[in-house]
Amino acid sequence: CAQLNDWVGTHSVPLKLGNVEGKTVVTFIMDDTEKEEALNSVKVGDILLSVDGVPVEQRRQELMKIFAASTPQALRWRLDMKLLAGPLNSKCKLELQRPNGAESPQTITVELTRSIPSSVVSVRTGPVFTTLDTKDKFGNPIGYIDMSRLSMLEIDDAIEAIKACTSLILDIRGHTK
């Protein structure tokens with residue numbers, strides 16, 4: 001298992017990737033308080049060409065051999081989360097293509113540090129914990145906790161926020177703790 005984690009990677013850079021017209025594209029740049037200077041040169045809409053010198057489609061094919069998913073779309077989403085992954089604090093060299101409208105595209109190379117757990121890259125918005133507006137079939141409140149984003153410091157607040165709820169949704173997508 002340790003060898004697999006070393007090969008696949010447990011940490012990533014603060015970027016989210018997505019599929020846009022069949023290309024792997026930067027769709028989100030995470031707000032990182034300790035932002036690396038190199039991250040400033042990455043823009044939403046940049047097309048990922050290679051990671052650590054390996055073409056994106058080759059890396060995708062390699063990862064596809066070890067991950068399962070219920071649909072092709074789910075597999076692509078999972079692979080997008082892992083494309084940039086590597087060992088903690090290792091360097092991630094990205095080759096990106098920036099569309100320039102009518103001009104020919106610009107290719108840039110950026111080196112970033114893999115410093116965040118790769119499960120966190122599955123960016124979800126909204127509250128980490130809350131009481132939902134929707135009620136259960138008996139009219140009682142429903143609580144929600146996103147386990148992949150809940151920090152140790154938030155546990156007491158989360159319990160307080162949902163203590164009146166008779167139903168609870170524990171969202172464990174991407175939870176690795």
[X] versus [Y]: any side-chain heavy-atom pair under 4.5 Å?
X	Y	answer
Lys135	Pro141	yes
Ile142	Cys165	no
Thr107	Glu95	yes
Thr10	Pro87	no

* Verdict with reasoning, Phe67 to Leu79, per side-chain contact (heavy atoms from CB on, under 4.5 Å) -> CA-CA 8 Å; Phe67 286 106; Leu79 296 177; 3.9 Å; yes

* Within the distance-only criterion (no hydrogens, no angle test), does the side chain of Asp157 pair as donor or acceptor with the backbone N or O of Glu154 below 3.5 angstrom? ->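 A pair under 3.5 Å: no.
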
* Can you check whether Ala161's main-chain N or O pairs, donor with acceptor, with Thr131's side chain at less than 3.5 Å? -> yes

Mind listing the closest non-hydrogen atom pair of [X] and [Y] along with its distance?
X	Y	result
Thr24	Val56	OG1-CG1, 3.7 Å
Asp136	Thr166	OD2-OG1, 3.3 Å
Leu15	Ile29	CD2-CG1, 3.8 Å
Ser12	Leu84	OG-CB, 3.4 Å
Asp171	Tyr144	OD2-OH, 2.7 Å
Gln106	Ile108	NE2-CG2, 3.6 Å

To the nearest 0.5 Å, tell me how far [X] [atom1] sits from [Y] [atom2].
X	Y	atom1	atom2	value
Leu94	Leu83	CG	CG	10.5 Å
Ile169	Ile145	CD1	CD1	10.5 Å
Arg76	Gln73	CZ	CD	10.5 Å
Leu88	Ile116	CG	CD1	11.0 Å
Arg98	Ser104	CZ	OG	14.0 Å
Glu57	Met64	CD	CE	7.5 Å

* **salt bridge (charged side-chain N to carboxylate O under 4.0 Å, His left out) contacts touching residues 159-168 (sequence neighbours left out)** => Glu160-Lys163

* With a cut-off of 6.0 Å (strictly less than), are more than 12 heavy atoms of other residues, nucleotides or ligands near NZ of Lys91? -> yes

* Asked: Hey, what else clusters with Val20 if you join Ile, Leu, Val, Met, Phe, Trp, Tyr whenever side-chain heavy atoms sit under 4.5 Å?
  ->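 Direct or chained contacts put Val20 with Val25, Ile47, Leu49.
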
* Asked: Would Asp80 and Arg60 satisfy salt bridge (charged side-chain N to carboxylate O under 4.0 Å, His left out), going step by step from the backbone distance to the final call?
  -> CA-CA 8 Å; Asp80 284 347; Arg60 190 179 293 285; 2.9 Å; yes

* Residues Lys93 and Thr109: side-chain donor-acceptor under 3.5 angstrom -> no

* To do: Please check if any side-chain donor atom of Ser90 sits under 3.5 Å from a side-chain acceptor atom of Arg114, or the reverse.
  => yes

* Evaluate the side-chain contact (heavy atoms from CB on, under 4.5 Å) criterion for residues Phe129 and Leu150: first the C-alpha distance (whole Å), next the side-chain angles of each, then the deciding distance (0.1 Å), finally the verdict. => CA-CA 8 Å; Phe129 55 87; Leu150 183 69; 4.1 Å; yes

Do [X] and [Y] sit in one hydrophobic cluster, given that two such residues count as connected whenever their side-chain heavy atoms are within less than 4.5 Å of each other, even indirectly?
X	Y	result
Val54	Ile66	no
Leu153	Met147	no
Leu132	Phe138	no

* Apply side-chain contact (heavy atoms from CB on, under 4.5 Å) to the pair Leu17 and Val26, showing each step before the final yes or no. => CA-CA 5 Å; Leu17 303 174; Val26 175; 4.1 Å; yes

